[in-house]
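If you're wondering where the values come from, they're calculated on a predicted model, not measured in any experiment.
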Amino acid sequence: MTNAIKTKTTKSEAIRSRAITLDVIKSDVIKTADLKAAGVPRYAIELRCRPGGPWQRILPGVLLLAATPPTRAQQVRAALVYAGPEAVLTGVDALREQGFPDLPLPPLIHLLQPASCRKTGRGDLFLERTTRLPEPVRKDGLPLAPPVRAVLDAARRERHPDRRHAVLTTAIRFGYSPNALLTELDAGSQRGAAVPRTTLRKLAHAHRAAVT
């Protein structure tokens, strides 16, 4: 093959690769399998994910199409892509998406998944299996746990007393009663529920005293 033909072939492959990429990529977070299924060759993916390349592997089977460190929003989307379509975002990340003030972000992104699922958490991702998977609230394409559930999932996981108290009192300021929160807490997982329950009972007592 002559150099001219080689050059022409290389340019054609580059043009084709760019065309496929532009057509397939709707987000900067995508499954490797989706790229392959759309015709992006494996070698092209591997090349772009090498050290110093324009892409990076953010979770098993999930790519971030950027070389910069992922933002929290990109990490959330990657976690949901990795966990699958039934997963629901909960905790502080879900609350912030639903208009709660800037509660301190925990180190781990918290997702709920059906009890039948067997995927495990990775890195900055905590996957919790549950028999009470909530009907998600959809916002900007994200499946979010309703605020009451997200508050209690955050409180159960939070070990710092001030941050745990801030999550619960913020929910009450937003109009969710301590009794409603206690009812949801009693209905869900009891792992990590003891301290939030004590806090909520105190808040419920203070709330009753304030309105009488």
Side-chain angles (χ1 to χ4, degrees), residues 27-33 56-64 66 69-171 176 181-182 184-200:
S27 169
D28 53 2
V29 174
I30 191 169
K31 280 185 176 180
T32 307
Q56 57 186 295
R57 302 184 189 280
I58 189 170
L59 282 168
V62 183
L63 301 181
L64 174 63
T71 65
R72 185 73 172 202
Q74 289 168 332
Q75 289 176 319
V76 165
R77 294 203 306 275
L80 288 165
V81 168
Y82 168 75
E86 292 183 294
V88 177
L89 179 66
T90 192
V92 172
D93 286 283
L95 292 171
R96 287 166 66 114
E97 290 290 339
Q98 294 178 84
F100 277 60
D102 291 336
L103 294 168
L105 284 169
L108 301 184
I109 293 166
H110 188 175
L111 298 187
L112 302 172
Q113 62 178 347
S116 58
C117 290
R118 288 296 177 264
K119 280 198 172 178
T120 57
R122 303 269 183 156
D124 296 331
L125 169 62
F126 172 66
L127 276 174
E128 181 179 6
R129 292 192 289 271
T130 178
T131 57
R132 298 182 65 249
L133 194 70
E135 184 67 28
V137 176
R138 299 278 174 179
K139 183 180 179 186
D140 298 330
L142 298 177
L144 310 173
V148 168
R149 177 63 178 272
V151 163
L152 295 171
D153 284 339
R156 286 191 303 107
R157 294 280 304 166
E158 182 57 66
R159 295 294 176 260
H160 193 285
D162 291 341
R163 288 195 291 266
R164 181 173 53 242
H165 191 270
V167 169
L168 295 173
T169 55
T170 297
Y176 299 96
L181 293 168
L182 278 167
E184 174 63 26
L185 185 65
D186 290 340
S189 171
Q190 296 308 294
R191 182 177 298 175
V195 175
R197 181 177 291 108
T198 299
T199 302
L200 281 170

| Between E184 and R132, is there a side-chain N and carboxylate O pair less than 4.0 Å apart? |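 Salt bridge between E184 and R132, a charged N being under 4.0 Å from a carboxylate O: yes.
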| message | Closer than 4.0 angstrom, basic N to acidic O: yes or no for E128 and R191? | response |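 No, no charged N to carboxylate O under 4.0 Å.
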For [X] and [Y], work out which heavy atoms get closest and say how close.
| X | Y | result |
| --- | --- | --- |
| P70 | I58 | CB-CD1, 3.7 Å |
| L80 | A87 | CD2-O, 4.1 Å |
| A150 | A94 | CB-CB, 4.1 Å |
| T131 | A115 | CG2-CB, 3.9 Å |
| P147 | Q98 | CD-OE1, 3.3 Å |
| L111 | A83 | CD1-CB, 3.7 Å |

| request: Kindly write out the residues that satisfy side-chain contact (heavy atoms from CB on, under 4.5 Å) with R129, not counting sequence neighbours, or none if the list is empty. | output: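 Expected list: Q113, R118.
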| request: Name all residues meeting the side-chain contact (heavy atoms from CB on, under 4.5 Å) criterion together with L105; count only those two or more places apart in sequence or in a different chain, and write none if there are none. | output: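 Result, side-chain contact (heavy atoms from CB on, under 4.5 Å) vs L105: R72, V92, D93, R96.
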| query | Would you find a donor on one side and an acceptor on the other, under 3.5 Å apart, between the side chain of E158 and the backbone of R156? | reply |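 Flag not set: sc E158 to bb R156 has no pair under 3.5 Å.
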| request: Could you tell me whether a side-chain N or O of K139 sits under 3.5 Å from a main-chain N or O of E97, the two making a donor and an acceptor? | output: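 Yes; at least one donor-acceptor contact below 3.5 Å.
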| Hey, does the Lys NZ or Arg CZ of R122 hover above the aromatic six-ring of Y82, less than 6.0 Å from the centre and inside 45° of the axis? |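 Pair R122/Y82 does not count as cation-pi.
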Is the closest side-chain heavy-atom distance between [X] and [Y] below 4.5 Å?
| X | Y | result |
| --- | --- | --- |
| R149 | V88 | no |
| T130 | S189 | no |
| R138 | L144 | no |

Interatomic distance, [X] atom [atom1] to [Y] atom [atom2] [nearest 0.5 angstrom]:
| X | Y | atom1 | atom2 | value |
| --- | --- | --- | --- | --- |
| T90 | I109 | OG1 | CD1 | 12.5 Å |
| L95 | F100 | CG | CZ | 5.0 Å |
| L59 | K31 | CG | NZ | 12.0 Å |
| T170 | H165 | OG1 | NE2 | 9.5 Å |
| T199 | L181 | OG1 | CG | 11.5 Å |
| L152 | L200 | CG | CG | 6.5 Å |

| request: Go through the steps to decide whether L142 and R77 satisfy the test side chain to side chain contact (heavy atoms under 4.5 Å, CB included), and finish with yes or no. | output: CA-CA 8 Å; L142 298 177; R77 294 203 306 275; 4.3 Å; yes
| said: Is there a side chain to side chain contact (heavy atoms under 4.5 Å, CB included) between L127 and T120? Walk through the geometry before answering. | reply: CA-CA 6 Å; L127 276 174; T120 57; 5.8 Å; no
| query | Hey, mind stepping through T71 and V76 against side chain to side chain contact (heavy atoms under 4.5 Å, CB included) and telling me if it holds? | reply | CA-CA 9 Å; T71 65; V76 165; over 6 Å; no
| Stepwise side chain to side chain contact (heavy atoms under 4.5 Å, CB included) test for L125 and K119 | CA-CA 11 Å; L125 169 62; K119 280 198 172 178; over 6 Å; no
